[in-house]
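These figures come from a predicted structure and were not determined experimentally.
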Amino acid sequence: MARLRRKACVALFLFMLFIFGTMMGLRTLKPSDGFSDLAPGLDLLPMIAGKVDRRSVSRDATTSPGQARPPGTNTKPVISNSGPEGIIFYDVHIFYYTWYGSPHMDGKYIHWDHILVPHWDPKIASSYPRGRHMPPEDIGSSFYPELNPYSSRDPDVLESHMEQIGASAAGVLVLSWYPPGLADDNGEPAEDLVPALLDAAYRHNLKVAFHIQTYRGRNDQSVHDNIKYIIDRYGDHGAFYKFTSNTGKSLPMFYIYDSYLTPPESWSEFLTPTGSHSVRGSAYDSIFIALIVEERHKHDILAGGFDGMYTYFASNGFSFGSSHQNWKAIKAFCDGNNLLFIPSVGPGYIDTSIRPWNNHNTRNRVNGRYYETALQAALNARPEIVTITSFNEWHEGTQIERAVPKKTVTRVYLDYQPHGPDHYLDLTRRWAEQFNKEKEQWLM
C-alpha cells in the first residue's frame with residue numbers, strides 16, 4: 001500500500017510539473033502585459049471624418065536606378081537574384097535600421113554601445129544598473145550578429161543584408177528615417193546612407209519604403225516637408241517603392257511612427273483634401289500609414305486623413321494594436337472605412353539589454369513557434385500587406401538577421417539553436433509563400 005501511495009505521489013508530482021511547464025510556455029504566445037508600463041500618457045481625443053479611396057497591393061516592375069516606373073505595371077512576384085528560390089513578394093514589408101556604426105567605418109561604435117535606459121520612476125530606476133555597453137564583447141542586444149557589431153555604412157554589410165532580405169522573400173524594406181542632420185538619442189545622422197541603400201536594394205530587386213521616425217519639432221507641416229524632400233530626391237529611383245491601389249493609381253507609401261503624438265486635427269490639415277496644406281491630389285500625394293497603439297487611435301487615424309494603420313510592436317499583448325486577438329476587429333474597422341490594415345509580426349521580443357526593467361514584456365521565441373503563431377494570426381485577418389518587425393532591430397531582440405552563439409567572460413548571448421543562423425529567414429520565406437497562396441484564394 002505504501003509503495004502504491006509513493007507511485008501515486010510521483011505521478012501527481014509529474015502531472016503538476018507538466019501543467020506548470022505548459023502554462024509557462026503558453027505565456028509566451030498569449031497577450032499578458034499592457035502598454036502603459038512602457039509609454040504612458042497616450043491620451044488623444046477621438047474624432048470622426050471622411051476618407052478617400054486607398055487599397056490594394058502593389059508589386060512594382062523593376063527598372064533601372066533613377067528611372068520612373070509606369071503605375072501598376074506588374075502585379076506578380078518578381079524573379080530576384082536573392083534567395084534560394086529567387087522569388088520575392090512586395091506585399092511583405094520588413095522594418096530596417098541603418099543606425100549602427102563600428103570603429104573600422106565610423107571611428108567608434110554607434111548604437112552597439114547603447115546606454116541602459118533608466119526607468120521613468122526614480123524608485124524603480126534605483127534598483128537597476130546604469131551605464132552603457134562596451135562592444136565588441138558586450139553589445140546592446142541579447143543576441144549577437146553573425147556579421148559582428150557592424151557598421152551600416154559598410155558596403156559588404158549592405159550587400160549581405162540585401163541578400164538575407166531577398167532570402168526571406170520580403171520584397172520591401174521599410175527604412176527607419178530621420179531628416180538630414182537628425183538622429184535618435186543614441187545615434188548619429190544617417191540620411192546620407194539612403195542612396196547607397198537604394199542602389200543595394202535595386203541590385204537585389206528589392207524596394208524601399210520610408211518609416212518616418214519621431215524627432216524634435218515633428219508636426220504635420222514638417223512631415224509634409226519631409227515627404228517633399230524624399231520624393232524629390234529619391235522618387236525616380238528604381239528601388240523606390242510605390243503602391244498601386246485598386247483604381248490603378250501608383251503612389252509612394254510612408255509609415256509614420258508614433259503618429260498619435262500629433263493630434264488628428266493637425267494631421268487633417270495635411271492629409272484631407274480640404275486641409276490648409278493638403279497633399280491630396282498634388283505631386284506628393286502618397287499612401288500614409290499611421291501607428292495604432294490604443295483602441296481609440298483608430299478613430300484618430302480615420303479623422304486625421306490617414307490611409308491605413310500598422311501595429312509595429314512584436315510583443316503580443318504589449319498594446320491593443322499589437323495584440324493578435326484584436327487584429328480581425330481592427331481589420332473590420334479598416335474595411336468599413338476604406339483603410340488598409342497592415343499587421344506587424346515578429347519572432348519574439350526582449351529588450352532587457354537596454355531596458356533592464358522591462359522583462360515583463362519579453363516574448364520568448366520558442367524556437368520559432370512564437371513567430372509562426374504571429375504569422376498565422378496575421379494571415380487570419382486577411383490583410384493586403386504584412387510587415388515584419390524586424391530585420392535588424394537588435395536592441396529589442398526582434399531581428400531575423402543571422403545571429404550566432406556567443407559567450408564571453410561576463411555574458412552568454414541568446415541564439416537560434418537548435419536551428420541555424422538562417423532559421424528566421426527561412427520561416428519568413430515559407431510564410432510569405434503561404435500568404436500569397438492564400439491571397440489568391442481570397443481574391444477568387
Side-chain angles (χ1 to χ4, degrees), residues 57-69 71 73-74 77-78 80-83 88-100 152-155 157-180 189-213 223 226-244 250-257 284 286-289 308 310 312 342 344 385-393 399-401 428 432:
V57 71
S58 163
R59 301 181 181 105
D60 298 333
T62 300
T63 59
S64 61
Q67 177 186 344
R69 294 150 312 216
T73 42
N74 183 4
V78 301
S80 170
N81 57 357
S82 296
I88 56 176
F89 301 96
Y90 292 132
D91 50 9
V92 179
H93 298 186
I94 188 163
F95 294 109
Y96 184 83
Y97 294 85
T98 56
W99 56 24
Y100 300 106
S152 297
R153 297 182 180 276
D154 188 332
V157 168
L158 270 182
E159 198 66 21
S160 175
H161 284 178
M162 298 307 108
E163 178 270 322
Q164 291 183 56
I165 292 172
S168 78
V172 179
L173 62 94
V174 183
L175 172 65
S176 178
W177 186 87
Y178 291 87
E191 206 281 331
D192 61 309
L193 278 171
V194 175
L197 179 68
L198 285 164
D199 289 346
Y202 173 78
R203 290 192 293 272
H204 291 264
N205 278 342
L206 301 173
K207 305 296 180 186
V208 178
F210 289 77
H211 194 194
I212 310 297
Q213 296 295 314
V223 171
N226 298 156
I227 300 308
K228 289 180 178 179
Y229 174 90
I230 291 170
I231 292 176
D232 286 345
R233 197 171 182 89
Y234 309 120
D236 288 335
H237 195 287
F240 187 78
Y241 175 69
K242 291 185 178 179
F243 173 92
T244 303
S250 185
L251 295 172
M253 176 178 281
F254 294 95
Y255 292 83
I256 312 296
Y257 186 68
Y284 303 102
S286 303
I287 305 296
F288 295 94
I289 308 299
Y310 73 116
Y312 186 75
I342 304 178
S344 304
I385 297 173
V386 170
T387 48
I388 309 296
T389 306
S390 63
F391 178 74
N392 64 337
E393 218 296 8
Q399 81 291 333
I400 67 168
E401 182 182 355
T428 305

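Gln164 and Ser160 form a side-chain donor-acceptor contact under 3.5 Å, judged by distance and modelled atom types alone. Defined by atom type and a distance below 3.5 Å, a donor-acceptor pair is missing between the side-chain atoms of His211 and Tyr312. Side-chain contact check for His161 and Glu401: at least one donor-acceptor pair (N or O, by modelled atom type) lies under 3.5 Å.
Side-chain contact between Met162 and Tyr96 is present, with heavy atoms from C-beta onward closer than 4.5 Å. Between His204 and Glu159, some side-chain heavy-atom pair lies under the 4.5 Å cut-off. At least one side-chain heavy atom of Trp177 sits under 4.5 Å from a side-chain heavy atom of Pro179. Side-chain contact between Phe95 and Tyr257 is absent, with no heavy-atom pair separated by less than 4.5 Å. Under the 4.5 Å side-chain criterion, counting only non-hydrogen atoms from C-beta, Asp192 is in contact with Arg153. The shortest side-chain heavy-atom distance between Ile230 and Phe254 falls under the 4.5 Å cut-off. Contact check for Asp199 versus His237: side-chain heavy atoms found under the 4.5 Å cut-off.
Two rings, from His93 and Tyr241, have their centers less than 6.0 Å apart.
In this structure, the side-chain contact (heavy atoms from CB on, under 4.5 Å) partners of Pro189, at least two apart in sequence or on a different chain, are Ala183.
Tyr178 contributes atom OH, which lies 4.5 Å from atom CD of Gln213 (distance to the nearest 0.5 angstrom). The distance from the CG atom of Leu193 to the OG1 atom of Thr98 is 5.5 Å, given to the nearest 0.5 Å. Note that CG of Leu175 is 13.0 Å distant from CZ of Phe391, once rounded to the nearest 0.5 Å. To the nearest 0.5 Å, the span separating CD1 on Ile165 from CG on Asn392 amounts to 7.5 Å. Arg203 contributes atom CZ, which lies 11.0 Å from atom CG of Leu198 (distance to the nearest 0.5 angstrom). Note that OH of Tyr310 and CD1 of Ile289 are 9.5 Å apart. Values are rounded to the nearest 0.5 Å.
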Could you walk me through whether Ile94 and Thr428 pass side chain to side chain contact (heavy atoms under 4.5 Å, CB included), step by step? CA-CA 10 Å; Ile94 188 163; Thr428 305; 5.7 Å; no

Derivation and outcome, side chain to side chain contact (heavy atoms under 4.5 Å, CB included), residues Ile231 and Ser286: CA-CA 10 Å; Ile231 292 176; Ser286 303; 3.7 Å; yes

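With respect to Tyr90, the side-chain contact (heavy atoms from CB on, under 4.5 Å) criterion is satisfied by exactly one of Asn205, Leu206, Ile385: Asn205.
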